[in-house]
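The structure appears below as structure tokens.
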Amino acid sequence: MGINYFESLNGDIRVSFKLDTKNTSYCIGIVYEEGYIGHLYYGSKIKDGDLSGLIRINEYPFGKVGFERERCSFHDFFAHEYPTHGIGDYREDCFGVETKGGNSEVLLSYDHYEIIKGKPGITGMPSSFGSDDEVTTLIIHCTDRFLNLKVDLYYSVFYDNDVITRSVKVINSSDEHLFIKKIYSTCLDMDNKDFDAITLHGSWARERHMESVPVTHNKLIVESVRGESSHQDNPFLALITPNTTEDTGEVYAMNFVYSGNFKAGVQLDQFDHIRMFMGISPEDFKWKLEPGDRFESPEVVMTYSDSGLGRMTHAFHDFYREHLIRSPYLHKKRPILINNWEATYFDFDTDKLISIAKEASKLGIEMLVMDDGWFGKRNDDSNSLGDWVVNEEKIKGGLKYLVDEVNKLGMKFGIWFEPEMISPDSDLMREHPDWAIHIKGREGIRSRNQFVLDYSRKDVRDEIYKKVSAILKSANIEYVKWDMNRQLTDLGSSALEPERMGELLHRYVLGVYELQERLTKEFPDLLLENCSGGGGRFDPGMFYYSPQIWCSDDTDAVERLSIQEGTALVYPLSTMGAHVSDCPNHAVGRTTPFETRGHVALAGTFGYELDVTRIPKEDVDMIPDQVKMYHRYNDLVREGDYYRIASYGKNHEFDCYGVVSKDKKEALYTFVQVLGRVNHKTRRIYLRGLDPEKTYRIDEDKCYTGDILMKVGYLIPDIKGDFRSILIHLEEKDG
Ligand code: DGJ
């Protein structure tokens with residue numbers, strides 16, 4: 001199911017492949033007789049039939065027919081599946097090398113194909129998975145005969161999800177080494193449809209804001225060269241046709257299952273052809289391939305929607321929940337946690353933590369998370385990263401004592417680590433000065449007073465793992481927050497030979513993956529939350545290891561509307577770490593009602609990040625009801641379909657989104673009035689996602705059909721003031 005092979009009727013195309021999902025088709029043609037791999041179609045599902053005459057082959061300027069093609073013009077014009085460097089395709093190419101002789105050209109031609117049930121994994125890397133019934137994989141084996149290089153293009157078709165994943169494997173079958181200088185995972189060549197591009201841009205404490213810009217005759221690039229996927233650009237890119245809405249318009253979207261440097265972009269060329277691409281950033285990348293060696297690229301998840309952005313979002317959410325996130329917590333309610341970071345920062349000890357836990361446990365909070373500052377001699381951020389030894393001056397009585405006391409209160413215990421880092425002022429650094437990523441002899445560039453450990457080295461990873469796992473075994477620790485608080489500089493490794501230095505960044509990411517794999521294998525019941533100075537590594541790669549990621553260090557309810565909207569454009573609500581914090585908010589200084597902070601955090605994993613012994617009593621008194629609210633609605637939020645209704649980022653007045661259960665029997669909408677208003681007392685909101693035929697009970701006593709609520713709309717009751725919010729809960733009447 002999902003992949004068909006055809007002998008073509010038209011002379012220009014030898015064979016073609018048709019990849020079908022429930023609502024989409026993707027077609028590839030092999031050009032007669034050079035064997036170039038051409039792109040025929042991606043879009044709404046089409047019937048089986050011969051498309052081979054519909055690819056532009058002999059129309060290019062100065063072109064000749066057949067094998068006599070003037071290749072330079074041909075390649076610059078042709079819709080390639082995987083364009084390579086140096087052959088006269090002057091658009092952004094996907095693959096280039098450096099041979100022993102110093103040349104960079106690669107020319108691929110088709111060799112043979114395989115269609116297999118299921119989906120092979122990618123060595124050492126996160127990748128989506130599925131049973132033989134759920135996914136079928138096409139492998140197009142290509143060769144550069146001159147270089148003796150094999151390049152395999154992988155297309156895995158997840159029929160029910162409307163998703164095709166792509167990745168590439170390269171094998172050096174020559175008897176000389178070469179270097180891969182650039183390797184993207186996917187490319188999509190199409191005619192232009194007046195596309196706009198949607199990206200998720202941001203910064204620290206302002207991650208993943210949705211932006212939309214027209215595609216013009218230039219390259220539009222989304223990238224990270226920071227060593228992690230980054231706060232600044234998320235590895236996501238979508239193209240939309242004009243006037244695309246939540247329900248109408250075409251969307252082509254790509255998302256990268258990778259947590260390091262990436263580059264994605266779109267280019268409108270001289271012939272008004274579009275090229276969209278995504279892969280590892282070529283910047284600071286150079287990989288040596290010895291004879292017989294192979295290199296596997298990370299994968300890109302692609303989806304197409306002819307029904308607007310809503311369908312794209314649902315495709316990504318369902319795909320990640322069904323085929324990428326492995327954690328046993330994926331479909332479980334996560335314990336409501338209280339994290340002491342914004343409560344105490346570094347200023348805490350056992351007594352302080354126990355006093356927070358005592359109060360929190362009475363209110364129904366289920367887990368205490370001890371954040372940064374419990375180890376070495378750390379009382380600020382100037383030291384001790386790498387010294388994963390409990391500071392018993394602060395944690396008096398030791399870690400086990402603290403955890404036992406918290407457990408006695410009926411609460412779980414979680415702990416913070418930053419395993420990828422080393423402080424210059426640490427015993428680890430004094431013992432192993434060469435373990436930091438650094439350039440020999442050059443003074444390293446500090447960021448937050450720290451250096452990054454060289455995770456390309458197995459000895460470094462082993463030692464850190466030993467220390468982290470010893471702590472985890474020393475007490476009943478049920479949750480880990482894995483943080484990463486700086487981006488990479490000084491790209492040098494004392495363990496890599498000079499000609500392999502360009503491998504460092506990718507090897508670093510592989511090292512992070514290896515450690516998280518080990519951790520989740522050895523501690524299968526551990527709830528792992530990733531974090532990177534807030535949401536600096538919020539990408540599908542990390543979801544393979546952790547079911548949730550801390551969204552942002554900005555916990556302000558208003559800023560969170562934009563951050564969470566952008567994040568939820570692609571990633572399920574169940575993955576978004578969201579907490580209620582104290583006011584004025586530590587990041588933006590704004591004061592919002594405690595109730596609104598609770599409503600907004602409900603759209604994520606839900607927890608608290610405040611000193612419950614010190615906040616106003618009226619706020620404390622609201623916590624038990626918020627706890628009830630979480631228990632009542634989390635199944636729906638975690639498993640349901642998410643709908644955007646109104647965006648504060650666009651209208652600057654109010655925000656509204658909803659979650660509807662898969663069986664459409666229940667829904668929860670959140671309305672936030674950011675700015676109070678005059679004119680009408682009520683605001684009409686057109687609900688989305690309901691079953692038009694079902695009758696819903698709303699606010700206990702009123703009943704309307706889904707049809708009416710979506711077309712006539714619902715009148716949000718009069719709310720006075722700024723930053724106010726309400727939840728609107730619907731259940732099927734007699735359902
Ligand atoms: C950055 C994280 O995002 C915060 O939540 C906190 O854990 C600090 N690091 C601790 O250093």
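Bear in mind the structure is a predicted one, so any value in this text is a computation, not a measurement. In each ligand, atom 1 is the first atom listed, and ligand 1 is the first ligand listed.
Partners of M484 by side chain to side chain contact (heavy atoms under 4.5 Å, CB included), not counting sequence neighbours, listed by chain and number: E228, E420, M421, L488, Y508, S532, R537. Residues forming a ring pair (Phe, Tyr, Trp, His ring centres under 6.0 Å) with Y648 (at least two apart in sequence, or on another chain): none. Not a single ring pair (Phe, Tyr, Trp, His ring centres under 6.0 Å) links Y657 to another residue, sequence neighbours left out.
Taking the six-membered ring where tryptophan is involved, the planes of W341 and Y345 are perpendicular, since the angle between them exceeds 60° and thus also 30°.
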Would you sort out whether F543 and F538 count as a ring pair (Phe, Tyr, Trp, His ring centres under 6.0 Å), showing the intermediate values?
CA-CA 8 Å; F543 289 135; F538 204 111; 5.4 Å; yes
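Using a heavy-atom distance under 4.0 Å as the criterion, the protein contacts of ligand 1 are W341, D371, D372, W416, R448, K481, D483, N485, C531, G533, G534, W550, D553.
Counting heavy atoms from C-beta outward, K333 and D635 have side chains that approach closer than 4.5 Å.
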